[in-house]
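Side chains included, hydrogens not; waters and symmetry mates left out as well; all remaining heavy atoms used. Chain naming here is simple, since letters A, B, ... match the order of the sequence lines and numbering starts at 1 in each.
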There are 2 protein chains.
Amino acid sequence: MATTIKDIARQAGVSAATVSKVLNRKDHSIGEKTREKIWSLVKELNYTPNSIARSLITRSSRVIGVIVPDILNAYFTELVRACDQAARERGYSTILCNSDSDPEKEASHLTFLASHGVDGIVLAASDLIPDAHLLERLRIPLVSMDREIPDLDCLAARIDTDYETGAFLSASHLIRAGHRRIAFVSGNPQASNTKIRRAGFERAHREAGLPVDPDLIECGAFNHRFGLVATRTLLDRTSFTAMCCMSDMLAMGATVALRERGLSVPEDCAVIGFDNIYIAPLLVRPLSTIERRISESGYLAIGALIDFLDDPTHPRRMVLMEPTVIQRETT
Amino acid sequence: MATTIKDIARQAGVSAATVSKVLNRKDHSIGEKTREKIWSLVKELNYTPNSIARSLITRSSRVIGVIVPDILNAYFTELVRACDQAARERGYSTILCNSDSDPEKEASHLTFLASHGVDGIVLAASDLIPDAHLLERLRIPLVSMDREIPDLDCLAARIDTDYETGAFLSASHLIRAGHRRIAFVSGNPQASNTKIRRAGFERAHREAGLPVDPDLIECGAFNHRFGLVATRTLLDRTSFTAMCCMSDMLAMGATVALRERGLSVPEDCAVIGFDNIYIAPLLVRPLSTIERRISESGYLAIGALIDFLDDPTHPRRMVLMEPTVIQRETT
DNA sequence: CTAGCTTAGGTAAACGTTTACCTAACGAGT
DNA sequence: ACTCGTTAGGTAAACGTTTACCTAAGCTAG
């Protein structure tokens, strides 16, 4: 139905190979007028090369798969958007997969992406430890973001955030403001993701000569729903004057729970988030948070991946993003 | 490198055609033991068919393209997520494109999707009128969501929202609460999208015997940045006690501007949004809004598209979603 | 005994590209 | 007159599938 390279070739009176060479700018040995004729036919017939056929023969699709736990989490929305933009700027496009933090879904997305011939994959934060055997078998260049990952030879880069420092800053910020009983809410307690943050939180207390009350800790997931229920649980169990939430979504859920109980933020209880999602400053009471430059890390991930695709001997990158405090009105 | 159908065939001692038949369940004429041998080899060698080769020959990729103006707008995040989920449930996957409301980007995404052989496209709300010639030429089954679109024969369905009623409800809600001077903030003033909403807004006033002051109208874009600047402009120009924002993102921007001037919501100025994005109830002061069942409309879009793909004579769907009011704490 | 059906599977073309290698003509240098 | 290079372009295989059509054997019915 659509125009193919053969249509162009026939109408130009040359072979398909010649057209292909011109289209791919490998036309040092093609005459000027043939070249022009081909280009004008391409315009006239609105010819666009069939990427599928091209991928089949070149074994490269110029597509990058991006796997995130849940795009509804505004943090991942921003990340995905940045990855997509970075990829397009370099002639790639992306295909997005939500794993819902489910190992089976993650594995099925991985094989899906492989069967669709993606050139590389960005595997973003998740409580999961990815299936090393599968990754090993697939042998697709990979960038890991904020997650535990085995040291595969198809690992192009790791982009991690210094969660220890982030959590340390977050707790210190509140301790300096005079808080003594600070709740800590984070994701899956088994994930290194959360363990490291907890370590930073505890270090801040240690350095300030403060104890850490285990009753003030609630870990489960990074979404707003957990923020809501964790805060309710904490309020029922104990008392505190501030909350360290390890994601902005958690902080949003927490604030709703505090309001429910008639507590106002930050007067009755201060709340600090983590991520600085673009919504944070738009809340009616703008949320204090830990900035982690989400878009920049997306750009880094895609950049590292494409550099690796261009040249697999390119030195692997290991980036550790340094978070900073942003004080708004909730603390 | 990866296992192909020929590897399976060789090891099973049959031809590739036989393997293909078994894999595709067209194996009525294949012996029981051959069948079993093939399946066990498939498992053993971790064979996954190469989707690219398959697409090339079958001319179907089981991929659906989704074009939105900007995934950072939480409304589209939810929509995209719903489309993706609906598609996966029916064995399709999606590929996402952000047009940034730019006609050139939209056109380039359209040809990109075409060259990658997507089976269908969901074209979501945008201030743009799509390039009818391009669409006509591409001949890819299409679902249009909340946008003006020519009546192409590849149009599988239209999913629209009854914006006139939505805006009417929104304004009436505020009028009933006693407001007399209500600002109206919406997207691109040229787009039918906005004109229709404005009509609903005006009808609510007419039916209540109230005049509409043109000074209270500001139209430009649907994002939070415009909400912020439009509200500043309105506050500088005139006075009002309530705002009809035609998207929740606008409402979020508006609330920030009101706070800036020391006005509290809803005491000094009520604000109502539109869309009921999932963040609306999480704002420290939960946002009143117009519900439009975003996920449901995503499901509808993908469902209509796939039905059309399955059977192009399937009756075209024209859905008009009916919005409702959700009162929270900003009104 | 043979026409015809069923069962089990093979053959080869096709999808739309890319690319390694070939050819043919022409001119220049020796 | 011959090699050699260059220029301009063609040939055909290859990528990994699917599928229309073929074959060959075995069986059954008349």
Subject >> Interatomic distance, A:R35 CZ vs D:dG9 C1' [rounded to whole Å] >> reply: 12 Å
Subject >> Under-4.0 Å side-chain N/O to phosphate OP1/OP2 contact, B:Y47 with D:dG16 >> reply: no
**OP:** Scan B:T34 against the nucleic acid and name what it touches under 4.0 Å (heavy atoms): base, sugar-phosphate only, or nothing.
**Re:** sugar-phosphate
**OP:** Describe the nucleic acid contact of B:T58 in one word from base, sugar-phosphate, nothing, applying a heavy-atom distance below 4.0 Å.
**Re:** sugar-phosphate
Original post:
Whole Å only: how far is the NZ atom of A:K6 from the P atom of D:dT11?
Top reply: 13 Å
**OP:** Measure the distance from CD1 on A:I30 to C1' on C:dT19 and round it to the nearest whole Å.
**Re:** 13 Å
Original post:
Counting just side-chain N and O atoms, does B:N24 come under 4.0 Å of either OP1 or OP2 of D:dT18?
Top reply: yes
Original post:
Just checking A:T4: base, sugar-phosphate only, or nothing, at a heavy-atom cut-off of under 4.0 Å?
Top reply: sugar-phosphate
Original post:
Are any side-chain N or O atoms of A:Q11 and backbone N or O atoms of A:L41, one a donor and one an acceptor, separated by less than 3.5 Å?
Top reply: no
Original post:
Under 4.0 Å between a side-chain N or O of B:S29 and OP1 or OP2 of C:dA8?
Top reply: no
Original post:
According to a strict under-4.0 Å criterion, is B:K26 in side-chain N/O contact with OP1 or OP2 of D:dT19?
Top reply: yes
**OP:** Please tell me which of the listed nucleotides, D:dT19, D:dG16, D:dG10, lies nearest to the side chain of A:T18?
**Re:** D:dG10
**OP:** Specify the separation, in whole Å, of atom NZ of B:K33 and atom P of C:dT7.
**Re:** 17 Å
Subject >> B:E32, CD atom: more than 12 neighbouring heavy atoms under 6.0 Å >> reply: yes
Original post:
Which is true for A:K21 with a 4.0 Å heavy-atom rule: it touches a base, it touches only sugar-phosphate, or it touches nothing?
Top reply: base
Subject >> Rounded interatomic separation in angstrom, taking CZ from B:R10 and P from D:dT17 >> reply: 12 Å
Original post:
Between A:V19 and B:E32, who's closer to the 5' end of DNA chain C by nearest nucleotide?
Top reply: B:E32
Original post:
Of the nucleotides D:dC15, D:dT18, C:dT11, which one has an atom closest to the side chain of B:A17?
Top reply: C:dT11
Subject >> Of residues 107-115 of chain B, the positions that come close to DNA chain D - non-hydrogen atoms, cut-off under 4.0 Å >> reply: none
Original post:
Judged by modelled atom types alone, do A:N193 and A:R147 share a side-chain donor-acceptor pair under 3.5 Å?
Top reply: no
Original post:
Under 3.5 Å, is there a donor-acceptor pair between the A:T94 and A:D84 side chains?
Top reply: yes
Subject >> Side-chain donor/acceptor of B:T77 to backbone N/O of B:I71, under 3.5 Å >> reply: yes
Original post:
Yes or no on side chain to side chain contact (heavy atoms under 4.5 Å, CB included) for A:V66 and A:C97, after CA distance, side-chain angles and deciding distance?
Top reply: CA-CA 6 Å; A:V66 179; A:C97 299; over 6 Å; no
**OP:** Just do the side chain to side chain contact (heavy atoms under 4.5 Å, CB included) check on A:L142 and A:I149 with the steps written out, would you?
**Re:** CA-CA 10 Å; A:L142 205 67; A:I149 196 142; 3.8 Å; yes
**OP:** To the nearest Å, give me how far apart NE2 (B:H116) and P (C:dT17) are.
**Re:** 13 Å
Original post:
Do the side-chain N or O atoms of B:R59 get closer than 4.0 angstrom to the phosphate oxygens (OP1, OP2) of C:dG16?
Top reply: yes
Subject >> Listed nucleotide nearest any side-chain atom of A:I57, set D:dT17, C:dT19, D:dA14 >> reply: D:dA14
Subject >> Spacing of A:I38 atom CD1 relative to D:dG10 atom C1', expressed in whole Å >> reply: 13 Å
Original post:
Would you say C:dG9 has OP1 or OP2 under 4.0 Å from some side-chain N or O of B:S15?
Top reply: no
Original post:
What integer distance in Å separates A:N50:CG from C:dA14:P?
Top reply: 17 Å
Original post:
Side chains of B:T48 and A:S115: donor-acceptor distance under 3.5 Å anywhere?
Top reply: no
Original post:
Where the side chain of A:L56 is concerned, which of C:dC15, D:dT18, D:dC15 is the nearest nucleotide?
Top reply: D:dC15
